2 protein chains.
Amino acid sequence: MSPSHIALPEVGKPHTECCQATRQILDRVGDKWSLYLIATLAPGPRRFNELKRGIEGISQRMLTLTLRGLERDGLITRTLFPTIPPRVDYELTKLGHTLLKPTMALVEWAHENKLAIAEAQSHFDQQPTS
Amino acid sequence: MSPSHIALPEVGKPHTECCQATRQILDRVGDKWSLYLIATLAPGPRRFNELKRGIEGISQRMLTLTLRGLERDGLITRTLFPTIPPRVDYELTKLGHTLLKPTMALVEWAHENKLAIAEAQSHFDQQPTS
DNA sequence: CAGGATCCTTTCAGATACTG
DNA sequence: CAGTATCTGAAAGGATCCTG
């Protein structure tokens, strides 16, 4: 209910509500396959089996579920061509494209800092089990 | 024994590789509690029970695990004061602070588009089960 | 105070078989 | 081709008890 323009509150404030919207997005963007799909769809529309072949390792089930989730959030569209055999195109919506930008910012951050992170990890893992 | 490093099969697309490193980050940032912790730690160091009280709903177990993960990634530091009773301060590292910026971009995106998303969702949920 | 160890329930995700 | 339905093992996560 609070019309907060700041999504991440301070300690002590009931921030469950304002963070909830963000968590939804991050759950979506950060889940196992959504990012791959968004990236794969960035250049243009793709068909179901194109995606399945393009994203190796994804199961049919997870591809379907992830596509449904993205579609439900309005990030992609699903277009059915009632031909025989049927053809379905998936494509990023405008909303999906706007998500691309902040997502890529995070991608760049990850790329720029992955060495530092890997270093921190291996250093942490070498710590004696105190 | 098992392949400890993620070896995503070659797809022929360069973005696959960058997504793999990114997925690690997004897994971290997008998991259930990390964002709350990073946000809560943004203003300054906090103690264990401060965090526990400040982030309503988090269990002790998940707080500990999430803190360990963030520490392992070099995003926060853990400082033990060997007093009695003991005191532990958690604080964002420089790396952690740099993550704040791209994260906030995503947070803002989420905030700006949550209405559109909610709308898309309710519209999707009203679709006849065809 | 700041956790570690354990149990136990829920959820996730892969494999498989079937359909318009 | 583009899915749906079901089963099952794996993993996440909460609750609880115990410790330096």
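It should be emphasised that the depicted structure is a prediction, and the values quoted were computed from it without experimental measurement. Quick note on labels: first sequence line is chain A, next is B, and so on, each numbered from 1.
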Trainee: What salt bridge (Lys or Arg N to Asp or Glu O under 4.0 Å) pairs are there with at least one residue in residues 73-85 of chain A, not counting sequence neighbours?
Mentor: A:Arg28-A:Asp73

Trainee: Which of the following nucleotides, C:dG3, C:dC1, D:dA2, is nearest to the side chain of A:Arg87?
Mentor: D:dA2

Trainee: Rounded to whole Å, please give me the gap between CG in B:Asp89 and C1' in C:dG3.
Mentor: 15 Å

Trainee: For the pair made of CG in A:Asp27 and P in C:dT11, what is the distance, rounded to whole Å?
Mentor: 14 Å

Trainee: Residues two or more places apart in sequence or in another chain: which of them pass salt bridge (charged side-chain N to carboxylate O under 4.0 Å, His left out) with A:Arg47?
Mentor: none

Trainee: Quick one: side chain to side chain donor-acceptor pair (under 3.5 Å) partners of B:Ser34, sequence neighbours excluded?
Mentor: B:Asp31

Trainee: What distance separates B:Leu67 CG from B:Leu41 CG, expressed to the nearest 0.5 Å?
Mentor: 7.5 Å

Trainee: Write down the atom of B:Tyr90, the atom of B:Val88, and the distance for their closest heavy-atom approach.
Mentor: CE1-CG1, 3.5 Å

Trainee: Tell me which nucleotide among C:dG3, C:dA2, D:dC1 gets nearest to the side chain of B:Asn49.
Mentor: C:dA2

Trainee: Could you check how far CG of B:Leu63 sits from C1' of D:dG14, rounded to whole Å?
Mentor: 14 Å

Trainee: From CZ of B:Phe48 over to C1' of C:dA2, roughly how many Å is that when rounded to an integer?
Mentor: 6 Å

Trainee: Between the axis at one end of the helix from C:dC1-D:dG20 to C:dG20-D:dC1 and the axis at the other (five pairs apiece), what's the angle to 10 degrees?
Mentor: 50°

Trainee: Could you work out, with side chain to side chain contact (heavy atoms under 4.5 Å, CB included) as the rule, every residue matching B:Glu91, not counting sequence neighbours?
Mentor: B:Pro45, B:Thr77

Trainee: Enumerate the protein-to-nucleotides 5-13 of chain D contacts in which both atoms are nitrogen or oxygen and the separation is below 3.5 Å.
Mentor:
residue, atom, partner, partner atom, Å
D:dG13, N7, B:Arg61, NH2, 2.6

Trainee: Between C1' on D:dA2 and CG on A:Leu51, what's the gap in Å once rounded to a whole number?
Mentor: 12 Å

Trainee: Taking side chain to side chain donor-acceptor pair (under 3.5 Å) as the test, write out the residues that go with B:Asp27, two or more places apart.
Mentor: B:Arg23

Trainee: With sequence neighbours excluded, tell me which residues meet salt bridge (charged side-chain N to carboxylate O under 4.0 Å, His left out) with B:Arg87.
Mentor: B:Asp89

Trainee: Could you state the CZ-P distance from B:Arg46 to C:dC1, rounded to the nearest angstrom?
Mentor: 17 Å

Trainee: With sequence neighbours left out, write down each residue that passes side chain to side chain contact (heavy atoms under 4.5 Å, CB included) with A:His97, or none if nothing qualifies.
Mentor: A:Leu92, A:Leu100

Trainee: For residues 65-83 of chain A, which residues have at least one heavy atom under 4.0 Å from DNA chain D?
Mentor: A:Arg68, A:Arg78

Trainee: Can you name the residues that form a side chain to side chain donor-acceptor pair (under 3.5 Å) with B:Trp109, not counting sequence neighbours?
Mentor: A:Thr98

Trainee: Is the shortest side-chain heavy-atom distance between B:Leu65 and B:Met62 below 4.5 Å?
Mentor: yes

Trainee: Calculate the interatomic distance between A:Ile58 atom CD1 and C:dG14 atom P; express it in whole Å.
Mentor: 8 Å

Trainee: Distance check: side-chain N/O of B:Tyr90 vs OP1/OP2 of C:dC1, anything under 4.0 Å?
Mentor: no

